[in-house]
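Position 1 is the first residue of the sequence; numbering continues from there. Atoms within a ligand are numbered from 1 in the order they appear, just like the ligands themselves.
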Amino acid sequence: MHEHKIIIIGGVIGAYGAKFLARTNDNDVTEVTLIEEHKNENQPVHCAGLISRSGFKRINVNPDKFILNKVRGAKFFSRNTSFEIRTNDVKAYVIDRKVFDSYLLNSAIDSGVRFINEKAMDINAGENWTVKTKSSEFNAKNLVMATGANYKLHRKLNLTVPEFLSALQYEISVECESDMVELHLTKDFFAWVVPVGDYARVGIACYRNVRDELENFIKNLKQHRKVGEILTKQAGLIPMYAPKFKTEYKFSGLNLRLVGDAAAHVKATTGGGVIMGCLAAKHLTDKNYENGWRKEIGSELYLHLTIRKILNRKYKKHDDMLMLANKHKQVCYSADMDMASKLLKNLTAEFVRHPLMAADILKILF
Ligand SMILES: Cc1cc2nc3c(=O)[nH]c(=O)nc-3n(C[C@H](O)[C@H](O)[C@H](O)COP(=O)(O)OP(=O)(O)OC[C@H]3O[C@@H](n4cnc5c(N)ncnc54)[C@H](O)[C@@H]3O)c2cc1C
C-alpha cells in the first residue's frame, strides 16, 4: 500500500481540489491536510458572486443553497452607447460566497480531509515540506498552494507573482434592473453593477487609484439614478492570466502545485476565477497536473486574455465595438460566460452569413 501526504494551503479552490485528492483506492491512501486561516463568519469576501449556471454544471455543484439572485442578461456600456443581451433563461446566479465556500469546505471535510483553521506562517523545503502555523508544524512531500491573490508565500519561495489589478466593491442600494448585470467598459477593465436583492454589488477593477475610480463611477451613477448608503466595502486583487505562468515545481524531490488565483486561473475578460479555479483543481489528482489543466482550460484562458488585450488596446473604439455587437446580436445570445471559444465559433458562423462583418472588425482593429 502506498501512503501519500498532501498539504493544501488556502480556500475555496483548495477545498474543492482537496475533495478529489482525498479519494483513496485499495492501494493508495492519501492523507490530505487543508490549512485555511478563515472559516465562515470571519471570512472576508471579495467577490461579486456572479457565477454562470453552466459553470455550476461543469463543476458538478448544485447552487440552490447559495443563490441570492438569478440573472437573465447583461448590459454593456461604453462612453456613448450601450448594448444588451436579454434572455428568458437564467444565465447566471448571484451567490452568497460565504455559504458557497463553507459548503465546499464541509464537503472536503466529509470526504476525509483534515481541516486546520490556522494561518500558514512559514514554509520550508527540506527532506519534506514543513509548513508552520502558530500552534503546529505539518510535513509532507506534496504541497498545494491555493492561497488566492495573497502572494506572500510565493515571494518567500521565490516564485513568480502574476500581474494583478486592484478591485474595490461596495454593497449599496442602487436603482437597477433586478435580473440584468451591468458592465461599464473602462480603459483598464470595467465597472460592474450586480443586483443582489434590495441592494447591488457595485465595483471596479483597475491598475491604480481604485478608490477614486469607484467614487467617480458612483458619482456618475448618481446623476441619473437613486443611489443609497454604502452597506459594506470589499477590496481584493484580480490576477491576470499569463500563458507561461508556471504552476508546478519540483524542489529536490518535493512537489509544489499552484491552483486558483495563486496560479492566475482567472478569466482576463471578467476577472471571474471560481469556475476556472475549480476546473483546474480537479487536475490536482493528475500525474502531470500542468498538462491536465492546460488541456481542459488553457486555450479558453488564452482566448479570454486575447479578448482582454484587444479591449484594452482599443479602448477608444469601445463605442464602435458595442455598435457592431448590436448589429450582430445573435453571436452573443448563445455565448458562454466561461468558454470564450463558443463566442469564436458563433463569430465564425456569423462571418459566413455576413462576410462584410470582416470589414467592420478590421476597421476597429486597425
Ligand atoms: C472584487 C472582486 C470581485 C470578484 N467577482 C467575481 C465573480 O463575480 N465571479 C467569479 O467567478 N470570481 C470573482 N472574483 C474572483 C474570485 O473571487 C476568485 O477568483 C476566487 O475567490 C479564487 O479562489 P481562491 O481559492 O483561489 O482564492 P480565495 O478565494 O482568495 O481563497 C484563498 C484563501 O486562502 C487563504 N490563505 C491565503 N494565505 C494563507 C495562509 N498563509 N494560511 C492560511 N490560509 C491562507 C485566504 O485567507 C483565503 O481564504 C472576484 C474578485 C474580486 C477581487
* **atom 1 (C) of ligand 1 [closest protein heavy-atom partner, distance rounded to 0.1 Å]** => A167 CB, 3.7 Å
* **Protein heavy atom at shortest distance from atom 17 (O) of ligand 1** => R97 NH1, 3.2 Å
* atom 9 (N) of ligand 1: the protein heavy-atom neighbour that sits closest, reported with distance to 0.1 Å -> L50 O, 3.0 Å
* **Any E118 heavy atom less than 4.0 Å to ligand 1** => yes
* **Numbered atoms of ligand 1 (with element) below 4.0 Å of K119, judged on heavy atoms** => 42 (N), 43 (C)
* **Exercise: do Y170 and E215 side chains pair donor with acceptor under 3.5 Å** => yes
* Asked: To the nearest 0.1 Å, how far is atom 30 (O) of ligand 1 from its closest protein heavy atom, and which atom is that?
  -> H46 CE1, 3.3 Å
* Structure fact -> For L153, the atoms of ligand 1 under 4.0 Å from one of its heavy atoms are 41 (N)
* Asked: What atoms of ligand 1 come within less than 4.0 Å of a heavy atom belonging to G260?
  -> 26 (O)
* May I ask you to check whether I13 has an N/O atom sitting below 3.5 Å from an N/O atom of ligand 1? => yes
* Structure fact -> re atom 27 (O) of ligand 1, the protein heavy-atom contact at minimum distance is G148 CA, 3.2 Å
* Does G49 come within less than 4.0 Å of ligand 1, judged by its heavy atoms? -> yes
* Judged by non-hydrogen atoms, does L237 sit under 4.0 Å from ligand 1? -> yes
* Quick one: does G271 get within less than 4.0 Å of ligand 1, heavy atoms only? -> yes
* Among protein heavy atoms, which lies nearest atom 38 (N) of ligand 1, and at what distance? -> T147 CG2, 3.5 Å
* D261, any N or O under 3.5 Å of ligand 1 N or O -> yes
* What about E36: any of its N or O atoms under 3.5 Å from an N or O on ligand 1? -> yes
* atom 36 (N) of ligand 1: nearest protein contact (heavy atom, Å) -> E37 OE2, 3.2 Å
* Asked: V259 and G277: which non-hydrogen atoms are nearest, and at how many Å?
  -> CG2-O, 4.0 Å
* Asked: Does at least one non-hydrogen atom of Q234 fall below 4.0 angstrom from an atom of ligand 1?
  -> no
* Asked: Looking at G10, which atoms of ligand 1 are within less than 4.0 Å of one of its heavy atoms?
  -> 34 (O), 35 (C)
